[in-house]
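Notes for the one structure printed next.
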Amino acid sequence: MLLTQFDETRRAVINPEDYLLPVENFPETLVSIFSHQLFSAVLEFLGGKVIAETHDVDGIWPVYEVTYNGQRFAFYKARLGAPACVGCFEEVIAFGAKRIILLGNCGVLDRNIKDCGIIIPTKAIRDEGTSRHYAPAADYIDVNRKYIPEFKAVCDQFGYPYVEGITWTTDAFYRETPGKIEARKAMGAVCVEMECAAMQALCDWRGVEFFQFLYAGDNLDHSNWDPRSLSGTARLDDKQKIALLAFELAARIS
């Protein structure tokens, strides 16, 4: 099968460094969020200035410099889905990012995980295609190899409970069938999202540190789909506080 044919060639026909230059004084640590409502709310709270931009057919995606607890960080809105997400972060890494902290929403496969509950992935099931171009074929990839203890300390300090477990990364959220859900639960998955496996593979390939944590949205561990706080505006205040945990972690490890 095509996706088992991993090519270890380091240089591709098109490479980010072929047309992008490093950005002078680019912050080594970058925090990123998927939700545009949440991203806008956090940016309004922190302020910031544009220091770089990525471009694609969907538009221009600014990279901001923000300050949190006296430290400089890059702040960028991630794109939904593994191919778009990885493509943009290839360019952000070319700008100079050395460490990426990514906050995403996920569906839960364990109904005991509360709405907006925090999940720390330890492995990701690679049910997408992008990671296969950055790492040899396998069903799982280890994620968050660094900084889990530091992030747990942040959660404990601010009183946020968390769950550790395996996440299921898939390309096709409209094909999360009951049979697939049960199969992925049997593989140990407690949640489902669309980017984690691919982002870890990218960062391993490029030699960049990566940490992702998730907050629970819709519940798939039910006879009928329960959207809960999946909407970007639902419980936005709670999500803003969760987002600031990413900056607390960044301040500790930078």
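Just so you know, these numbers come straight off a predicted model, no measurement behind them. Throughout, numbering of the chain's residues begins at 1 and tracks the sequence.
Grouping the Ile, Leu, Val, Met, Phe, Trp and Tyr side chains by contacts below 4.5 angstrom, directly or via other members, places Phe75 with Tyr215.
The shortest non-hydrogen separation linking Cys106 to Ile119 is SG-CD1, 3.6 Å. The minimum heavy-atom distance between Trp168 and Ala189, with the atom names listed, is CB-CB, 4.0 Å. Contact detail for Lys180 and Arg175: the closest heavy-atom pair is CD-O, 3.2 Å.
Counting heavy atoms from C-beta on, the side chains of Leu43 and Val66 come closer than 4.5 Å. You'll find the side chain of Leu244 reaches within 4.5 Å of the side chain of Tyr68, heavy atoms only. Considering only heavy atoms from C-beta on, Phe213 comes within 4.5 Å of Ile242 through its side chain. Counting only heavy atoms from C-beta outward, the side chains of Ser131 and Ile141 never approach each other to under 4.5 Å.
Sorted by first then second residue, the salt bridge (charged side-chain N to carboxylate O under 4.0 Å, His left out) pairs that include residues 67-77, not counting sequence neighbours, are Glu65-Arg72.
For the residue pair Tyr134 / Gln200, no side-chain donor-acceptor distance below 3.5 Å is found, with atom types taken as modelled. Using a 3.5 Å distance cut-off with no hydrogens or angles, the side chains of Thr167 and Glu193 do pair a donor with an acceptor.
Looking at residues two or more places apart in sequence or on another chain, you find a side chain to side chain contact (heavy atoms under 4.5 Å, CB included) between Thr4 and Met1, Ala137.
Results of the salt bridge (charged side-chain N to carboxylate O under 4.0 Å, His left out) test with Arg184 over Asp127, Asp110, Asp139 single out Asp127 as the only residue that passes.
Using a 4.0 Å cut-off between charged side-chain N and carboxylate O, Glu195 and Arg79 make no salt bridge.
Put simply, the side chain of Ser32 gets close to the backbone of Tyr76: a donor and an acceptor are under 3.5 Å apart.
Between Phe6 and Trp205, the ring planes are perpendicular. Angles over 60° get that label, and only those under 30° would be called parallel.
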